[in-house]
K.L.:
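One structure, as structure tokens, below. Some questions next.
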Amino acid sequence: MSTAAERKSIAKIAANTRWANEPDRTAATARAREKSPASISYWLKQVDPENAMPYAERIKRAENAKTAYYQKRMRLARQAKAAKASAGAE
């Protein structure tokens, strides 16, 4: 059985080997970027999956949905940080 350090080393070697042999990094990561909440295309698909709305309206709604998503994540992070701080104070 390998240790955590050995597994980490093996994973780094594998990742570096993979990227050393990749001719087009942008194409290799395109699907992941498209499915990421950081991508506007992700939110366009969330707010209008049938592509029925006018493009300008889709963009507005997608930007609002993206902003709401990140605001919610920030709120949850603040709550977790506060809970951790109050647990440490006790």
Side-chain angles (χ1 to χ4, degrees):
M1 183 123 200
S2 60
T3 66
E6 289 171 331
R7 288 190 303 272
K8 184 176 180 180
S9 177
I10 291 168
K12 284 182 175 185
I13 291 167
N16 284 314
T17 301
R18 187 251 196 264
W19 289 113
N21 295 318
E22 180 57 56
D24 187 357
R25 290 174 177 232
T26 302
T29 59
R31 285 184 56 211
R33 285 192 319 275
E34 183 179 297
K35 294 181 179 192
S36 167
S39 166
I40 195 68
S41 63
Y42 172 89
W43 294 106
L44 288 170
K45 290 176 187 169
Q46 295 293 315
V47 299
D48 186 23
E50 280 102 39
N51 204 10
M53 291 183 223
Y55 185 72
E57 182 64 23
R58 290 176 66 221
I59 289 290
K60 284 181 197 176
R61 290 184 185 202
E63 288 172 349
N64 287 134
K66 182 178 177 182
T67 300
Y69 171 81
Y70 282 108
Q71 287 173 337
K72 181 179 180 183
R73 291 191 54 112
M74 286 187 295
R75 181 175 175 264
L76 292 172
R78 281 192 307 268
Q79 288 174 341
K81 187 175 181 180
K84 186 177 179 181
S86 68
E90 293 175 0

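No experiment lies behind these values; they were computed from the predicted model shown.
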K.L.:
Okay, side chain of Glu6, backbone of Thr3: is any donor-acceptor separation there less than 3.5 Å?
P.N.:
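Side chain of Glu6 to backbone of Thr3: a pair is present.
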K.L.:
How close do Lys66 and Ala38 get, counting heavy atoms only, and between which atoms?
P.N.:
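Scanning both residues completely, I find the closest heavy atoms to be NZ-O, 3.0 Å.
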K.L.:
Going by salt bridge (Lys or Arg N to Asp or Glu O under 4.0 Å), name the pairs with one or both residues in residues 67-83, residues two or more places apart or in two chains.
P.N.:
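Residue pairs with at least one partner in residues 67-83: there are none.
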K.L.:
Using atom types as modelled and distance alone, determine if a side-chain donor or acceptor of Thr29 lies under 3.5 Å from a backbone N or O of Arg25.
P.N.:
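Indeed, once roles are kept as given, a pair shorter than 3.5 Å links the two residues.
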K.L.:
Verify side-chain contact (heavy atoms from CB on, under 4.5 Å) between Arg7 and Ser2, making sure each step is shown before the conclusion.
P.N.:
CA-CA 6 Å; Arg7 288 190 303 272; Ser2 60; 3.1 Å; yes
K.L.:
For Gln71, what residues pass the side chain to side chain contact (heavy atoms under 4.5 Å, CB included) criterion, not counting sequence neighbours?
P.N.:
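Gln71 satisfies side chain to side chain contact (heavy atoms under 4.5 Å, CB included) with Thr67, Met74 once adjacent residues are dropped.
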K.L.:
In the hydrophobic clustering (ILVMFWY, side-chain contacts below 4.5 Å, transitive), which residues join Trp19, or is it alone?
P.N.:
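Direct or chained contacts put Trp19 with none.
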K.L.:
Enter the distance from Met53:CE to Asp48:CG here, rounded to the nearest 0.5 Å.
P.N.:
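These two atoms lie 4.0 Å from each other.
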K.L.:
Using every non-hydrogen atom in the two residues, find where Tyr42 and Ser36 come nearest and quote the distance to one decimal.
P.N.:
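Scanning both residues completely, I find the closest heavy atoms to be CB-O, 3.1 Å.
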K.L.:
Residues in salt bridge (charged side-chain N to carboxylate O under 4.0 Å, His left out) with Glu34, at least two apart?
P.N.:
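Result, salt bridge (charged side-chain N to carboxylate O under 4.0 Å, His left out) vs Glu34: Lys45.
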K.L.:
Give every donor-acceptor pair under 3.5 Å between a side-chain atom in residues 10-17 and any protein atom, sequence neighbours left out.
P.N.:
| unit_1 | atom_1 | unit_2 | atom_2 | d |
| --- | --- | --- | --- | --- |
| Asn16 | ND2 | Lys12 | O | 3.0 |
| Thr17 | OG1 | Ile13 | O | 2.7 |

K.L.:
I'd like to check the side chain to side chain contact (heavy atoms under 4.5 Å, CB included) partners of Ala62; sequence neighbours left out, ordered by chain and number.
P.N.:
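Listed in chain order: Ile40, Trp43, Leu44, Val47.
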